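Contents: one structure, followed by commentary.
Please read all numbers here as calculations on a predicted model, not as lab measurements.
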Amino acid sequence: PCSECGAGSWCLAGEKTVCPANSTSPEGSGSRDACQCLSGFSGASSSCSACHPGSYKPSLGSADCSLCGAGTFSPRVGAMLNSSCQACPGASTSPPGSGAAANCTCDPGFSGSACGPTPVSFSVTKPDFVLLEDAGTVVISDVTGLVSSRTSFYSFSVTVDSVTAGLLMGAPVVSSDGALTLTVAADASGGAMLGVTLHEPGDAAAGITAEDFGPLPLSLTISDVNDPPSFVLNTSLLITTLHPFGFFDGRGAVGHFEPSMHSVSVRGAAFILPGPEAEAGQRVSFELAQVSGATGLVNNGPMMTEDGLLLMQLAGTGDNGEDRSGEMVFSVVAVDDGGTAEGGQDRSAPQQISIVVAKRPGAVQSMRLQQTGGGMVLINFSHPP
């Protein structure tokens with residue numbers, strides 16, 4: 001009797017033929033069409049190819065291999081079951097049909113081989129900044145460098161750890177794009193140490209918890225720029241050559257004229273300041289230049305001492321034997337030793353003093369008292385032409 005063809009073959013006219021590689025057939029098959037690709041293989045029965053990594057096929061036949069789903073991968077060739085598709089590690093995902101763990105990429109906010117939460121961090125581009133006095137409100141861009149965050153939502157805060165008194169107005173801030181904004185007080189110089197901290201609120205839905213990083217130190221120096229000196233000038237001075245006299249304020253004598261020596265010593269300027277408090281150690285001198293009026297009234301001077309004392313020596317009698325008289329107008333400029341570096345100013349605006357030399361007090365038409373504070377009274381005179 002005839003024997004039935006076994007599985008994996010087919011028989012025709014009493015001749016047995018084995019199915020092509022990677023295919024099979026049921027027992028008693030009588031044609032080549034009965035051969036079908038094995039599980040894990042796909043294609044026509046005459047050419048069955050193994051499923052590529054990232055795919056599988058659980059059944060016999062010519063159907064295409066199925067792809068592993070997103071977030072999984074399979075490195076196996078010819079996989080038969082969906083269970084061959086392994087889940088990506090941690091918080092990571094992959095495209096459908098991934099054939100290796102390298103195809104798994106960490107979700108936003110996660111990193112590393114296990115795709116754990118990304119550490120929050122940032123850097124500062126420059127830890128030390130120098131600004132000039134009177135800079136006002138300043139915006140310094142790109143203070144923060146590379147920011148490592150797990151979400152796109154983060155912010156910075158700034159603490160002032162130490163600062164020269166009166167240096168800053170308001171609180172410095174750093175924007176999310178890393179720009180530092182601060183306001184320097186007028187006429188202030190010194191330093192400040194700031195601390196910058198990164199805050200990320202996290203994303204509960206994505207399993208990302210809130211996290212901070214910092215503070216990182218930031219040093220700020222405000223360099224002094226010299227301010228011009230200032231003073232209050234006694235703008236009118238009457239000198240009578242007939243008698244000696246003195247000048248007084250609430251603290252005692254501040255000047256005198258001695259006819260025999262023709263010498264004058266009188267308070268010409270008060271409240272002399274080299275600039276703001278930071279410049280208190282500077283020295284101030286005065287420059288005087290005649291701008292109009294009579295000439296030949298003085299032999300020496302006038303000059304102004306550092307404390308504002310006006311000194312001069314009158315020329316005495318003229319060709320007619322009489323004491324010389326007339327009016328002189330001088331420009332007075334205060335000069336400090338702070339220099340002009342970085343655009344500094346070491347000279348005050350010019351002021352003018354009128355000095356009238358007369359023989360007798362009758363030349364005075366009127367007198368005005370000017371209270372300047374601190375017990376000082378400046379006396380301004382007017383006189384006939």
Side-chain angles (χ1 to χ4, degrees), residues 119-149 152-201 211-232 271-287 306 333-351:
V120 174
S121 66
F122 75 102
S123 63
V124 293
T125 57
K126 185 179 178 183
D128 305 290
F129 289 90
V130 178
L131 302 174
L132 297 179
E133 178 188 343
D134 297 324
T137 298
V138 179
V139 179
I140 306 173
S141 60
D142 299 326
V143 169
T144 61
L146 180 65
V147 175
S148 174
S149 66
S152 58
F153 302 101
Y154 59 84
S155 61
F156 293 97
S157 65
V158 182
T159 57
V160 180
D161 301 324
S162 63
V163 64
T164 302
L167 182 66
L168 300 178
M169 298 180 63
V173 296
V174 173
S175 61
S176 59
D177 60 359
L180 171 65
T181 302
L182 55 88
T183 301
V184 181
D187 294 328
S189 60
M193 285 299 300
L194 310 180
V196 183
T197 301
L198 172 66
H199 306 279
E200 188 186 64
E211 188 174 344
D212 295 341
F213 181 81
L216 296 186
L218 195 65
S219 172
L220 178 68
T221 301
I222 309 300
S223 296
D224 179 65
V225 176
N226 192 33
D227 290 271
S230 63
F231 63 100
V232 176
F271 303 101
I272 303 165
L273 297 174
E277 184 177 354
E279 301 174 6
Q282 296 179 7
R283 298 183 64 179
V284 178
S285 60
F286 290 91
E287 295 179 357
E306 291 184 4
V333 175
V335 182
D336 64 36
D337 60 1
T340 58
E342 304 290 355
Q345 301 179 53
D346 61 354
R347 301 174 66 85
S348 71
Q351 301 184 48

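Partners of Ser152 by side chain to side chain donor-acceptor pair (under 3.5 Å), not counting sequence neighbours: none found. For Asp227, there are no side chain to side chain donor-acceptor pair (under 3.5 Å) partners at least two apart in sequence or on another chain. Applying the side chain to side chain donor-acceptor pair (under 3.5 Å) criterion to Thr183, with sequence neighbours excluded, gives Thr137.
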Starting from the C-alpha separation in whole Å, work towards a yes-or-no answer on side-chain contact (heavy atoms from CB on, under 4.5 Å) for Leu194 and Val174. CA-CA 11 Å; Leu194 310 180; Val174 173; over 6 Å; no
Can Tyr154 and Phe122 be said to form a ring pair (Phe, Tyr, Trp, His ring centres under 6.0 Å), step by step? CA-CA 11 Å; Tyr154 59 84; Phe122 75 102; 9.2 Å; no
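With rounding to the nearest 0.5 Å, the separation of CD1 in Ile222 from CG in Leu168 is 6.5 Å. Interatomic distance, Leu180 CG to Phe156 CZ, rounded to the nearest 0.5 Å: 11.5 Å. Annotation: the span from Phe129 atom CZ to Leu218 atom CG amounts to 5.5 Å, rounded to 0.5 Å. Taking OG of Ser155 as the reference point, atom CG of Leu198 lies at 7.5 Å (rounded to 0.5 Å). To the nearest 0.5 Å, atom CG of residue Leu167 and atom OG1 of residue Thr221 are 9.5 Å apart. Within the model, atoms OG of Ser123 and CG of Leu146 stand 6.0 Å from one another, a figure rounded to the nearest 0.5 Å.
For the side chain to side chain contact (heavy atoms under 4.5 Å, CB included) test with Leu182, the passing option among Leu131, Val158, Val139, Val160 is Leu131; the others fail.
Within the structure, every pair that satisfies the side chain to side chain donor-acceptor pair (under 3.5 Å) test and touches residues 165-178, not counting sequence neighbours, is listed here: Ser175-Asp177. Identified under the side chain to side chain donor-acceptor pair (under 3.5 Å) test for residues 276-286, with sequence neighbours left out: Asn226-Gln282, Arg283-Glu306. Sorted by first and then second residue, the side chain to side chain donor-acceptor pair (under 3.5 Å) pairs with a member in residues 339-349 read Glu287-Arg347; sequence neighbours excluded.
Nearest approach of Gly190 to Thr164, heavy atoms of both residues: CA-OG1, 3.5 Å. Residue Ala135 comes nearest to Val184 through the heavy atom pair CB-CG2, 4.4 Å, listed as atom of the first residue, atom of the second, then distance. Here the closest heavy-atom approach between residue Phe213 and residue Val120 is recorded as CD1-O, 3.1 Å. Nearest heavy-atom pair across Ser189 and Ser223 is CB-C, 4.1 Å. In plain terms, the two heavy atoms of Ser148 and Pro119 that are nearest each other are OG-O, 3.2 Å. For Gly166 against Ala185, the heavy-atom pair with the smallest separation is O-CB, 3.2 Å.
Judged purely by atom type and a 3.5 angstrom limit, Asp134 has no side-chain atom pairing as donor or acceptor with the backbone of Ala186.
Heavy atoms from other residues, nucleotides or ligands lying under 6.0 Å from CE of Met193 number more than 12.
When ring centroids are compared, Phe286 and Phe231 come within the 6.0 Å threshold.
Within the 4.5 Å cutoff, no side-chain heavy atoms of Val138 are placed close to those of Thr181.
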